[in-house]
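We name chains A, B, ... by the order of the sequence lines, and we start the count at 1 in each one. The structure presented is a predicted model; accordingly, all values stated were derived computationally and were not measured.
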There are 2 protein chains.
Amino acid sequence: MKNKSERLEAIRTLLTAEQVGSQEELLQKLVALGFDLTQATLSRDLKLLKVMKAPGNDGRYVYVMPNSVPSAPDAGEAFSINGLVSLEFSGNLAVAKTRPGFANGIASIIDEHLPQSIIGTIAGDDTILMVLKEGVTQIEVKNTLLKIIPAF
Amino acid sequence: MKNKSERLEAIRTLLTAEQVGSQEELLQKLVALGFDLTQATLSRDLKLLKVMKAPGNDGRYVYVMPNSVPSAPDAGEAFSINGLVSLEFSGNLAVAKTRPGFANGIASIIDEHLPQSIIGTIAGDDTILMVLKEGVTQIEVKNTLLKIIPAF
DNA sequence: AACCCTATTGTATAAATATGCATAGATGAA
DNA sequence: TTCATCTATGCATATTTATACAATAGGGTT
């Protein structure tokens with residue numbers, strides 16, 4: 001498929017930025033980012049990426065990328081456009097996770113492009129909080145966001 | 001049991017010496033060495049030892065010891081250092097006050113440990129804003145937080 | 001002793017993960 | 001075009017792994 005490599009890149013990014021404890025959980029996040037796949041495919045992707053499931057210090061399990069080591073053939077390329085890592089909603093709020101340091105930049109893009117559905121954003125280092133305008137649905141915002149910030 | 005540590009040691013040794021692909025397989029080897037246990041116990045042992053299951057280059061899976069890092073001198077788990085001052089809720093939001101400068105540090109601890117109940121945090125200098133996941137109650141969050149960050 | 005607490009384990013089962021098989025689209029050769 | 005082939009994927013399921021629960025054993029304490 002045309003978006004397999006994008007998906008792999010998204011997985012890479014997600015796993016380095018967040019603590020994910022199961023494939024099902026990772027699947028949710030990927031779906032939230034607009035990818036369409038099943039657990040079976042994810043299992044294969046993780047095998048491909050050599051992602052390991054490791055017990056964490058806190059008693060939970062975490063998926064970890066093969067530490068650093070771009071495995072050689074990687075070369076540059078990678079981290080181009082997008083710092084966006086995940087997107088979640090809760091009521092009239094949306095929280096986006098970004099790569100460290102990207103939050104402010106992305107937030108200002110959002111501010112610029114979504115005045116109709118978002119009344120304001122606040123960004124930290126790797127997190128953006130968005131307050132949705134009254135009456136606007138989560139779906140609407142998600143779709144608009146994905147249109148503006150492509151390259152997922 | 002009196003031989004748990006022996007068993008753990010045996011597991012350590014086995015895994016560094018051989019390519020083991022499943023707990024069942026490892027179980028066989030341990031039994032062959034005279035140990036008496038079940039897969040359930042083995043699963044717990046592996047968790048304890050922080051053994052990871054990793055996809056190998058040959059398309060198979062291998063259990064690997066947390067390379068180097070004995071992780072033994074772990075000392076206490078809890079974050080004894082405590083900058084947390086107060087915690088209040090409002091709808092799907094929680095606001096924590098911290099000692100000046102502590103907000104970001106504590107927020108990142110929260111990010112790391114409460115992905116199930118908090119979808120994101122934003123921290124200033126002495127204030128943390130947390131957005132609760134939909135469906136999660138204030139009480140739940142408060143209890144979990146207190147477990148992770150004890151002693152107000 | 002009687003009681004309580006903690007650690008360890010097995011059993012049974014839930015949860016999570018891997019994969020055999022079938023299918024669909026893509027590519028290319030004849 | 002038509003056939004062969006290859007990749008990517010879903011579905012269903014086998015396999016594997018984690019865990020809730022109950023039982024047991026070993027300390028301590030009173």
Side-chain angles (χ1 to χ4, degrees), chain A residues 1-12 14-15 18-66 73 152, chain B residues 1-12 14-15 18-66 72 74 76-78 113 115-117 140 144 147:
Chain A
M1 278 303 207
K2 70 174 186 306
N3 53 344
K4 179 177 182 182
S5 52
E6 282 178 40
R7 193 182 61 225
L8 293 181
E9 179 53 29
I11 292 173
R12 229 193 298 275
L14 262 167
L15 291 186
E18 300 197 35
Q19 306 266 109
V20 182
S22 75
Q23 294 185 6
E24 209 58 46
E25 189 185 335
L26 179 54
L27 185 56
Q28 303 300 325
K29 293 178 188 292
L30 286 169
V31 169
L33 288 179
F35 289 98
D36 180 22
L37 74 168
T38 63
Q39 176 268 322
T41 298
L42 188 46
S43 172
R44 294 176 182 120
D45 285 352
L46 293 182
K47 186 171 185 176
L48 211 67
L49 291 171
K50 306 240 191 304
V51 172
M52 301 173 292
K53 187 185 188 183
N57 294 321
D58 57 357
R60 280 189 272 142
Y61 291 82
V62 191
Y63 278 91
V64 298
M65 288 298 298
F152 270 82
Chain B
M1 280 302 209
K2 71 175 186 305
N3 53 345
K4 180 176 182 184
S5 52
E6 283 178 41
R7 192 181 63 226
L8 293 181
E9 183 51 33
I11 292 173
R12 230 193 297 274
L14 263 167
L15 291 186
E18 304 193 35
Q19 304 268 110
V20 183
S22 76
Q23 294 184 6
E24 210 58 46
E25 189 184 336
L26 180 53
L27 185 57
Q28 304 298 327
K29 295 178 187 292
L30 286 169
V31 169
L33 289 180
F35 290 97
D36 180 22
L37 74 167
T38 63
Q39 176 267 324
T41 298
L42 189 47
S43 172
R44 293 176 183 119
D45 285 353
L46 293 181
K47 185 172 186 177
L48 210 67
L49 291 170
K50 307 237 192 304
V51 172
M52 301 172 291
K53 188 185 188 183
N57 295 321
D58 56 358
R60 297 166 59 227
Y61 291 83
V62 192
Y63 278 91
V64 298
M65 289 296 299
D74 200 341
E77 271 288 333
H113 289 81
Q116 342 72 355
S117 38
E140 286 174 315
T144 316
K147 233 179 290 173

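- When rounded to the nearest whole Å, the span between CZ of Phe35(B) and P of dT9(C) equals 11 Å.
- Contact check, Lys53(B) against dA16(C): no side-chain N or O comes under 4.0 Å of OP1 or OP2.
- One can place CD of Glu24(B) at 12 Å from P of dT15(D), the figure rounded to the nearest angstrom.
- Within 4.0 Å (heavy atoms only), Leu42(B) reaches no atom of the nucleic acid at all.
- Distances were taken from every side-chain heavy atom of Arg44(A) (C-beta onward) to each of dT9(C), dT17(D), dC11(D); the shortest belongs to dC11(D).
- In this structure, Leu30(A) and Asp36(A) have side chains that are not in contact, with every pair of non-hydrogen atoms separated by 4.5 Å or more.
- The side chain of Gln39(B) places no N or O atom within less than 4.0 Å of a non-bridging phosphate oxygen (OP1 or OP2) of dT19(D).
- Judged purely by atom type and a 3.5 angstrom limit, Lys29(A) has no side-chain atom pairing as donor or acceptor with the backbone of Leu14(A).
- An OP1 or OP2 oxygen of dA18(C) is reached within less than 4.0 angstrom by a side-chain nitrogen or oxygen of Ser43(A).
- Protein atom CG of Leu26(B) is 13 Å distant from nucleotide atom C1' of dT17(D), rounded to whole Å.
- Rounded to whole Å, the distance from CG on Leu27(B) to C1' on dT11(C) is 14 Å.
- Separating the CG atom of Leu46(B) from the P atom of dT16(D) is a distance of 15 Å, rounded to the nearest angstrom.
- Within the 4.0 Å cut-off from OP1 or OP2 of dT17(C), not a single side-chain nitrogen or oxygen of Tyr61(B) is found.
- Between Thr41(B) and dG10(C) there is a side-chain polar atom (N or O) within less than 4.0 angstrom of OP1 or OP2.
- Inter-residue side-chain proximity for Tyr63(B) and Gln19(B) is flagged as unmet; no heavy-atom pair is nearer than 4.5 Å.
- Within a 6.0 Å radius of CZ in Arg12(B), more than 12 heavy atoms belonging to other residues, nucleotides or ligands are found.
- Distance Gln28(B) CD to dT16(D) C1': 14 Å, rounded to the nearest Å.
- Looking at Leu15(A) and Val51(A), their side chains come closer than 4.5 Å, going by heavy atoms from C-beta outward.
- To the nearest angstrom, C1' of dT9(C) lies 13 Å from CG of Leu8(B).
- If you check every strand for non-hydrogen atoms under 4.0 Å, Asp45(A) touches nothing.
- Arg60(A) has its CZ atom 11 Å from the P atom of dT19(D), to the nearest Å.
- Among the heavy atoms of the strands lying under 4.0 Å from Ser22(A) are primed sugar atoms or P, OP1, OP2 only; no base atom is included.
- If you check dA18(C), dC21(D), dC21(C) against the side chain of Gln23(A), the one that comes closest is dA18(C).
- Looking at heavy-atom distances under 4.0 Å, Leu37(A) makes contact with sugar-phosphate atoms alone, never a base.
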